[in-house]
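Written out below as structure tokens is the structure these notes cover.
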Number of protein chains: 4
Amino acid sequence: MHSEIRSANQPKPSFIETARRAQIIDCAVEVIAELGFAQASLAQIAKRAGVSTGVILYYFAGKDDLIREVGVHVFTTGRSSIEPLVQQQLDARSALRTFIEASVAYIAANPKKVLAIMNILRAGRSDGGTLKIDPTVYQPRQIGFRNILEWGQRDGEFRTFSVAVMVETIVEALDAIPSQLAADPSLDLDAYAKELVELFDRATRADTPVQELRVR
Amino acid sequence: MHSEIRSANQPKPSFIETARRAQIIDCAVEVIAELGFAQASLAQIAKRAGVSTGVILYYFAGKDDLIREVGVHVFTTGRSSIEPLVQQQLDARSALRTFIEASVAYIAANPKKVLAIMNILRAGRSDGGTLKIDPTVYQPRQIGFRNILEWGQRDGEFRTFSVAVMVETIVEALDAIPSQLAADPSLDLDAYAKELVELFDRATRADTPVQELRVR
Amino acid sequence: MHSEIRSANQPKPSFIETARRAQIIDCAVEVIAELGFAQASLAQIAKRAGVSTGVILYYFAGKDDLIREVGVHVFTTGRSSIEPLVQQQLDARSALRTFIEASVAYIAANPKKVLAIMNILRAGRSDGGTLKIDPTVYQPRQIGFRNILEWGQRDGEFRTFSVAVMVETIVEALDAIPSQLAADPSLDLDAYAKELVELFDRATRADTPVQELRVR
Amino acid sequence: MHSEIRSANQPKPSFIETARRAQIIDCAVEVIAELGFAQASLAQIAKRAGVSTGVILYYFAGKDDLIREVGVHVFTTGRSSIEPLVQQQLDARSALRTFIEASVAYIAANPKKVLAIMNILRAGRSDGGTLKIDPTVYQPRQIGFRNILEWGQRDGEFRTFSVAVMVETIVEALDAIPSQLAADPSLDLDAYAKELVELFDRATRADTPVQELRVR
DNA sequence: TATGAATGAGTATTCATTCAT
DNA sequence: CATGAATGAATACTCATTCAT
């Protein structure tokens, strides 16, 4: 019945199971966002969900499994709200701008989810040294940025730079937002997005055509 | 015996005490860097140091005290190796470049120390909600960057942008390095520094005088 | 699950919970009575109960909570076995006699419980300076004696004396019994009670009517 | 050099040793009186004395030994200030009154010492089940009261009663004072003594000659 | 499905004591 | 004489996990 076993023989999760899993993931997100990853015990999460800790372990193979699924959930929903917008863009520069804007918008719309993820990712490794969230879950974002940057470099929109460094810098700039927002909920995220767009537009664009970035 | 008490009445820590404290701090750094903050129990640190956990609590008032001193140690040595170089610079642009280069150089020279600090800072808050490392210890860096950016804006070297956002982005770009280096020890940090310098030079500089940044 | 939380939302403790709590309280009483409060670690109590220490902390919020509940348990049962008898008395002199007799009888019937309580109360304060058992739990006894003494003084049965001093002396005379009984289990408590009744009857009664105390 | 060894071969404790032992005993008294026995660690006592814990263990065979000597010290000085006064009395009734008064006076003059002793005696037994203070140290007081009571009964001054019960009651009445005094330092001990004298005079005296107790 | 009960390993911390210097 | 260093056992407590019901 645990997720691994499930995927093998039980193709159809019941309605109640789906609901329970979603509920538990939501509660885990809240607790991790509010108390931090270290304080987020199964007992706390269960308490928030109004169930016993046994329920969590009935639906998830263990704490690690739950955390992993929290990661999958947040990154999946994030991706689905960002990717379509980016794919509409016709040039790399617009795509980069859109990616940043959509990312910040997603943070603004889901501050707890994103904060929870950051708390998890930044809490370091698990006991065995493995990461708490599988790279395949969070790397698509890096890959997305990488593709855009390489696209822009191919098309001559972007200057020559290390794509790896630029990706890392962009991603970290975005990842720094959730905790700032938690510390100061009045933070103006629209303005923040505009600053980041301008910052990375200047950081990436090719020199010669000093074409101005159109404000939307 | 413990640091707080010490500073009041006992001006001269013995040689052996100084050595032990340094040794324990070093071992704490290693364990935190290698296993992550959550796995860094006193037992682990003591094991690494080849002493009993009692020894740690003999020299430090508690785990919190040890962690705090790790923070002080790393930030103090970091600052002393960076600040003098930055202060020699005559214009904001050079100061920013130097600050970034010196920061990366410090990471290259002390990868474990910096990784440990990142693991601590990113592990979130303690039980009581207080930070594990006092802001007065790590904020001088932010203030340093802020001063440089404001200086450049005043002097017209830098364009208009949100200093807060830029500082955060720069700092996060630097803070992302230690874990990358841990994952790939062959990472070329000189090149990484050059990329960041170029990136933030373009992100900050004023438009008109398209003066090229001299490569050192 | 823990007592405080329980009283708020969970009106029906399960049978097994009630039994376990009672069992743990009993074992705590035994250990505290036999080894003294200082030696009564959770490990000792758990060992006596044949469970792991975790079980104790599953049913009680902590050691302090357990100790507090031991106090409540003993004082509550003690009070319920003493108070009704006292309240039947029509004059203060009989009430005082009955109170003393019933108190000794309760000690005779529950030597370990009372010894445990004495060990707790006399072990001094907790770390924070707070008492280990709430005054509201053990002060009703003092108040009971006080009321009787004041009643007798009002009615002229008792002479003039400091009620506070007399209460303290009576209570201490009773509290001295459990440890004497532990040291010498053959102690004749009926005789002891008669002695105390006579002692405090003479100590309290008014001078003029040299009316003899009727032996019951 | 430890006390047991000492008594065998070193008949003359040096001046410095005598002073150190006295100093440590005094500090132990203070700490035990102020913090309670449970909180009175060797470290606390050493801190109060301004020495290292090693010093304590140099002059005393262990913590138990120190505690024992605290007991000896307080009971010895107490006895020497009480016994001479009692021995001057020519009748048992006066002796009893004097014993009580002198005991309270000693408490008034040495509240910390007596409170410390009470904290020790009431903290229960040591690890091995042995008492923390040897009975030969504190029983002379009981014997003193016993002798007086038997004397009075032989001479017809006192009525017939259980000497054991009366002794215990008197002693407990006195032992209850130090903690009351600590809780309320403004407690009027002269009045308290008068109350106890009157209380036990009435409790003990023979019926027929209703001779009034002369107020001194 | 879900609960409540129980465990056992792991946490930081305290403390009396030993010992080399 | 005295210190400071170090230990090891014991402390209360947390938590993920197991399991019978």
Side-chain angles (χ1 to χ4, degrees), chain A residues 1 14 16-17 20 38-46 49-67 127, chain B residues 1 10 13-17 19-20 38-46 49-66 127, chain C residues 1 10 13-17 19-20 38-46 49-66 127, chain D residues 1 14 16-17 20 38-46 50-66 127:
Chain A
M1 221 140 284
S14 74
I16 189 168
E17 169 164 5
R20 269 276 191 250
Q39 267 68 42
S41 64
L42 287 188
Q44 279 288 341
I45 296 166
V51 299
S52 73
T53 71
V55 174
I56 298 178
L57 294 158
Y58 181 76
Y59 289 106
F60 298 90
K63 195 187 186 185
D64 286 353
D65 185 39
L66 169 59
I67 297 306
D127 199 9
Chain B
M1 212 141 293
Q10 293 194 355
S14 71
F15 168 74
I16 190 165
E17 171 166 3
R20 266 278 188 252
Q39 266 66 42
S41 64
L42 289 187
Q44 280 289 342
I45 296 167
V51 298
S52 73
T53 72
V55 174
I56 298 178
L57 294 159
Y58 178 75
Y59 289 104
F60 298 89
K63 194 188 186 185
D64 286 353
D65 185 40
L66 170 59
D127 198 11
Chain C
M1 212 137 290
Q10 293 194 354
S14 71
F15 168 74
I16 190 165
E17 171 166 2
R20 267 277 189 255
Q39 266 66 42
S41 64
L42 289 186
Q44 280 289 341
I45 295 167
V51 298
S52 73
T53 71
V55 175
I56 298 178
L57 295 158
Y58 178 73
Y59 289 105
F60 298 89
K63 195 188 185 185
D64 287 353
D65 185 39
L66 170 58
D127 199 11
Chain D
M1 221 143 279
S14 71
I16 191 167
E17 169 165 4
R20 269 277 191 246
Q39 267 66 41
S41 64
L42 287 187
Q44 279 288 342
I45 296 167
V51 299
S52 71
T53 70
V55 175
I56 297 178
L57 294 158
Y58 180 77
Y59 288 106
F60 299 90
K63 195 188 186 184
D64 287 352
D65 185 40
L66 169 59
D127 200 10

**Message:** How close do B/Gln39 and B/Gln44 get, counting heavy atoms only, and between which atoms?
**Reply:** O-CG, 3.7 Å

**Asked** If you check every side-chain atom of B/Ala43, which of F/dA2, E/dT11, E/dA16 has the closest atom?
**Response** E/dT11

**Prompt:** Of the nucleotides F/dA6, E/dA5, E/dA2, which has the atom closest to the C/Glu17 side chain?
**Reply:** E/dA5

**Item:** Taking every non-hydrogen atom, the tightest pair across B/Lys63 and B/Leu57
**Value:** N-CD2, 4.5 Å

**Request:** Could you tell me whether D/Ser52 contacts a base, only the sugar-phosphate backbone, or nothing, with contacts defined as non-hydrogen atoms closer than 4.0 Å?
**Result:** base

**Prompt:** How long is the line joining OH of A/Tyr58 and P of F/dA16, in whole Å?
**Reply:** 21 Å

**Item:** Distance-minimising heavy-atom pair for D/Asp65 and D/Phe60
**Value:** OD2-CA, 3.4 Å

**Item:** Any C/Ser41 side-chain nitrogen or oxygen under 4.0 Å from OP1 or OP2 of F/dA10
**Value:** no

**Request:** Select one nucleotide: of F/dT3, E/dT3, F/dA5, the one nearest the side-chain heavy atoms of A/Val55.
**Result:** E/dT3

**Prompt:** Tell me: CG of C/Asp65 to C1' of F/dT14, nearest whole Å?
**Reply:** 16 Å

**Complete:** From the candidates F/dG8, E/dA6, E/dT17, the one with an atom nearest any side-chain atom of D/Thr53 is E/dT17

**Asked** Is C/Tyr59 near enough to E/dA6 that one of its side-chain N or O atoms lies under 4.0 angstrom from OP1 or OP2?
**Response** yes

**Asked** Expressed in angstrom and rounded to an integer, what is the separation of C/Ile16 atom CD1 from E/dA6 atom P?
**Response** 5 Å

**Item:** Shortest non-hydrogen separation from B/Thr53 to B/Ala43 and the atoms involved
**Value:** CG2-CA, 3.7 Å

**Item:** Mate of F/dT21 where both pairing distances stay under 3.5 Å, Watson-Crick or G-U
**Value:** E/dA2

**Asked** Between E/dG4 and C/Arg20, is there an OP1 or OP2 to side-chain N/O distance shorter than 4.0 Å?
**Response** no

**Prompt:** Atom CG of D/Leu57 to atom C1' of F/dT7: distance rounded to whole Å?
**Reply:** 14 Å

**Message:** What is the separation between atom CG on B/Leu66 and atom C1' on E/dT11, rounded to the nearest whole Å?
**Reply:** 15 Å

**Prompt:** Which residue, C/Ala38 or B/Gly50, contacts DNA chain F at a nucleotide closer to its 5' end, judged by nearest heavy atom?
**Reply:** B/Gly50

**Request:** Can you tell me the distance, in whole Å, between the CZ atom of C/Phe15 and the P atom of E/dA5?
**Result:** 12 Å

**Fill in**
Correct closest heavy-atom pair for A/Ala46 and A/Ser52 would be CB-C, 3.8 Å

**Request:** To the nearest Å, give me how far apart NZ (A/Lys63) and P (F/dT17) are.
**Result:** 8 Å

**Asked** So what's E/dA16 paired with, Watson-Crick or G-U wobble, going by both distances under 3.5 Å?
**Response** F/dT7

**Request:** Round to a whole Å and report the spacing from CD1 of A/Ile45 to P of F/dT17.
**Result:** 11 Å

